[in-house]
Number of protein chains: 2
Amino acid sequence: MGVSLKDIAERAGVSLATVSNVVNGYRPVGEATRLRVQQAIDELGYSPNLSARHLRSGRTGIVVLAIPELNNPYFAELAGAAIREAAGLGYTLVMEDTAGDRDKELILATGSRLQVMDGLIFSPVSITREEVLARSVSTPLVLIGEGVYDVPHDHIAIDNIAASHAAVQHLVSLDRHRIAFIGSQPGDLRQSAHLRFLGYREALAAAGLPFEDDLVVSTAQFGRMDGLRAMRSLLDLPRPPDAVFAYNDLIAIGALRAIGEAGRRIPDDIAVIGIDDIEDGRFSTPTLTTVAPDKEYIGRLAVQALIARIEGKPVSPPYDVQPPFRLITRESTLGGLRPIR
Amino acid sequence: MGVSLKDIAERAGVSLATVSNVVNGYRPVGEATRLRVQQAIDELGYSPNLSARHLRSGRTGIVVLAIPELNNPYFAELAGAAIREAAGLGYTLVMEDTAGDRDKELILATGSRLQVMDGLIFSPVSITREEVLARSVSTPLVLIGEGVYDVPHDHIAIDNIAASHAAVQHLVSLDRHRIAFIGSQPGDLRQSAHLRFLGYREALAAAGLPFEDDLVVSTAQFGRMDGLRAMRSLLDLPRPPDAVFAYNDLIAIGALRAIGEAGRRIPDDIAVIGIDDIEDGRFSTPTLTTVAPDKEYIGRLAVQALIARIEGKPVSPPYDVQPPFRLITRESTLGGLRPIR
DNA sequence: GTGAAAGCGCTAACAT
DNA sequence: ATGTTAGCGCTTTCAC
């Protein structure tokens, strides 16, 4: 094993507790003593054994961020912000890719793995509200995204209905009348798909446009290939849409490709909008109009809220935060060639 | 705290050691006893406290994967494979984004944080060979990528010179004579940029093509925006290139965009090839020709090698593995419209 | 096949 | 301001 507190204590001729206090600063230490101890630490190259500390204190210093797809740049960008924030607050963030798998999600939510982590930031997709409610462990839990609502935990998610409404409203303002939606889910899998669908219908209604079943396509996953396939089926329709609202940017990018392959022009024939503002969409051809949630904000806030709970700070009721979003218009709806800044 | 071994022991009327053996199977346990213990475990919902186990065993069960950019899909894809492999072998993988920062890399390599981790998988970019050699701690280290060579650690990296050679050779076979390279680094920052540059020169020489200083552009980072800017400067040349070999796919995608903005055709006017085979390039317009390293293989192998060292398995000298790569031709060099399978 | 007990390194309550 | 000490939950050696 490495150098321990005891080694330092002996070297500096002080007690264990004093060394601990120099390291952690829980109690004041005399200047002369501190210096001697610090010197011993430097000489011997001491660094604390976290397992021991955690065994003693009952905390591990580990928080878990569980997301459904590490491959999705949306989550990768969000995770980056979360990792930095956690590190800044003295915690280690471990990422867990659930792949949307029900069993994995259940294990995480009910907390069999809880002995390892102080808290969990969770973006569920397959799990139900009841299953989260049934959770018995007291490890703090912060939910992000729209998998589950109305549970007694901090929750951070953009207003999906409003965001979708804004997206579709943008297409309407461009005088599109046959607006498709890609990404609806059969059943309730991925709740946010449903919410975004609602926002879509709401905006259609507000614009006095009819709703057409044919123009809604569900997808198995939420990746580029799903968008490509869905768009192809839309293009095969007797009367294809003149605009597409995609559940997310990845799907939208797949749709862009399908439209291009079919020889249709964007946005002249078909305009496309997504949600997420991933970097791909800023550089695609054409560039992708999107609704941008503040990922940095979401990632940091989730970590802050979680750690506040872990450390017993807030007596407040669970937060329910709706982070800001904004419409970013680009070539896929506005047309033209708009050189990147 | 949760349920402990002691609770189980009392409930089942056996000793601590017996419960431990049921859980870990180090020693045989009588069938009847095992059953009683197992029942107690199930009833009380016991799961071992890892901090205690690790304190006792001197291991943490944590391995760290340190990469320079979590945002780069190449690393995100590789990380996914590594996380799964680690989990399968009973380890927790923690990701650390160094952002290529020298200080962060030094701390990681010299091992101040070592008490927390059993081993490190490291993709260095700013650190030197000497600094890695100077490392005093014995925590196993596996290097991936080309930051550092000839150090006494397992090392996994594609043959960069050969990969670059193959890429440039492909452009040559398309009868391109003015082939540019984007991503060279001033100084030795990111060694692989230098190696890919060497492969580029080698292929030019092999084809009997002259080397032109003007056609080599260095970039600050390795992202889409860097590729965009570099390509713009190339387009401003009196005699722009007729092909571009980019350090990676992200840069290549930025270049695609710049070429499109300038109204040139791909590949008719300028052909583009990258390295990495990230998903973006499979769906871009045009789709991107690339050299594909086997990311899944690299991620899994790195974890396997590391854990073998941690568990003291191999007496073998450090591996130096060159994972396979292959050329994937797409529209950005072949032209046409090639519908995605 | 099973039990008793030492001790991993640390923190915090209790002394001085 | 500093020291002493009791465990946190577990693995493992030594007994039986």
Side-chain angles (χ1 to χ4, degrees), chain A residues 1-41 44-62 90 112-118 310-312, chain B residues 1-38 40-41 44-62 90 112-118 311-312:
Chain A
M1 300 246 64
V3 183
S4 77
L5 270 193
K6 200 171 143 214
D7 299 326
I8 304 296
E10 282 169 5
R11 172 79 157 224
V14 296
S15 77
L16 272 179
T18 299
V19 181
S20 174
N21 284 319
V22 169
V23 175
N24 299 298
Y26 294 135
R27 294 194 304 193
V29 177
E31 199 45 35
T33 324
R34 137 163 292 118
L35 243 54
R36 244 180 325 130
V37 170
Q38 189 57 54
Q39 193 181 352
I41 288 177
L44 269 49
Y46 168 78
S47 73
N49 178 317
L50 294 194
S51 293
R53 175 180 288 176
H54 295 148
L55 172 58
R56 181 57 227 234
S57 67
R59 301 234 187 96
T60 64
I62 290 177
S112 310
R113 244 190 98 175
L114 87 164
Q115 295 260 20
V116 225
M117 62 187 181
D118 289 345
I310 291 172
E311 299 183 344
Chain B
M1 300 247 66
V3 182
S4 78
L5 271 194
K6 199 171 142 214
D7 299 326
I8 305 297
E10 282 169 7
R11 172 79 157 225
V14 296
S15 79
L16 273 180
T18 299
V19 181
S20 176
N21 283 320
V22 169
V23 174
N24 300 298
Y26 294 135
R27 293 193 306 195
V29 177
E31 198 45 37
T33 323
R34 135 163 293 115
L35 241 54
R36 236 173 339 122
V37 171
Q38 190 56 55
I41 288 178
L44 268 48
Y46 167 78
S47 74
N49 178 319
L50 293 194
S51 292
R53 174 178 288 176
H54 295 146
L55 172 57
R56 183 57 226 233
S57 65
R59 299 232 189 97
T60 64
I62 289 177
S112 311
R113 247 189 94 176
L114 87 164
Q115 295 260 19
V116 224
M117 61 187 179
D118 289 345
E311 298 182 346

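Sequence lines set the chain letters: A, B, ... in the order given, protein chains first and strands last, and positions in each chain run from 1. Please read these numbers as outputs of a predicted model, since none were measured by experiment. Below, each value reflects all heavy atoms present in this structure, side chains not excepted, and no hydrogens, waters or symmetry copies.
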Item to check | Closest contact, heavy atoms only, B:V3 versus B:Y46 | outcome: O-CD1, 3.3 Å
Checklist outcome for this item: In numerical order, the residues of residues 8-20 of chain A whose heavy atoms come under 4.0 Å of DNA chain D are A:V14, A:S15, A:A17, A:T18
Next on the checklist: Looking at A:R53, I'd like to know whether one of its side-chain N or O atoms comes within less than 4.0 Å of OP1 or OP2 on C:dT11.
Outcome noted: yes
Checklist entry - What integer distance in Å separates A:Y46:OH from C:dC10:C1'? => result 7 Å
Checklist entry - What is the distance from CG of A:N49 to P of C:dG7, rounded to the nearest Å? => result 18 Å
Checklist entry - Between B:L50 (CG) and D:dC8 (C1'), how many Å, whole number? => result 14 Å
Checklist outcome for this item: Note: B:R59 and B:E311 closest approach over all heavy atoms is NH2-CA, 4.1 Å
Item to check | Flag side-chain contact, heavy atom, 4.5 Å: B:I41 against B:V23 | outcome: yes
Checklist entry - Is there a residue in residues 24-32 of chain A whose heavy atoms reach under 4.0 Å of DNA chain D, and which residues are they? => result A:R27, A:P28, A:V29, A:G30
Checklist entry - Could you state the interatomic distance from CG (A:N49) to OG (B:S51), rounded to the nearest 0.5 Å? => result 9.0 Å
Identify each donor-acceptor pair in which a side-chain atom of residues 9-16 of chain B lies under 3.5 Å from a protein atom, sequence neighbours left out, and give them as a table.
unit_1	atom_1	unit_2	atom_2	d
B:R11	NE	B:E43	OE1	3.0
B:R11	NH2	B:E43	OE1	2.3
B:S15	OG	B:A17	N	3.4
B:S15	OG	B:T18	N	3.3
B:S15	OG	B:T18	OG1	3.3

Next on the checklist: I need the minimum non-hydrogen distance between A:D118 and A:T60, along with the two atoms involved.
Outcome noted: OD1-N, 2.8 Å
Item to check | Nearest to side-chain heavy atoms of A:L5, which nucleotide of D:dC10, C:dG9, C:dT11 | outcome: C:dT11
Item to check | Nearest-Å distance for atom pair CZ/C1', residues B:R59 and D:dT11 | outcome: 13 Å
Item to check | Closest listed nucleotide, where the reference is the side chain of A:R56 and the choices are C:dA12, D:dC10, D:dT2 | outcome: C:dA12
Next on the checklist: Could you tell me how far apart A:L55 (CG) and D:dA6 (C1') are, to the nearest whole angstrom?
Outcome noted: 13 Å
Checklist entry - What is the distance from CG of B:N21 to C1' of C:dA4, rounded to the nearest Å? => result 14 Å
Item to check | Gap between atom NE2 of B:H54 and atom CG of A:L55 - 0.5 Å precision | outcome: 12.0 Å
Checklist entry - Taking the side chain as C-beta and beyond, is there a heavy-atom pair between A:Q38 and A:V29 under 4.5 Å? => result no
Checklist entry - Could you state the NZ-P distance from B:K6 to D:dC8, rounded to the nearest angstrom? => result 6 Å
Checklist entry - Counting just side-chain N and O atoms, does B:S57 come under 4.0 Å of either OP1 or OP2 of C:dC8? => result no
Checklist entry - Hey, mind stepping through B:R34 and B:V37 against side-chain contact (heavy atoms from CB on, under 4.5 Å) and telling me if it holds? => result CA-CA 5 Å; B:R34 135 163 293 115; B:V37 171; 5.8 Å; no
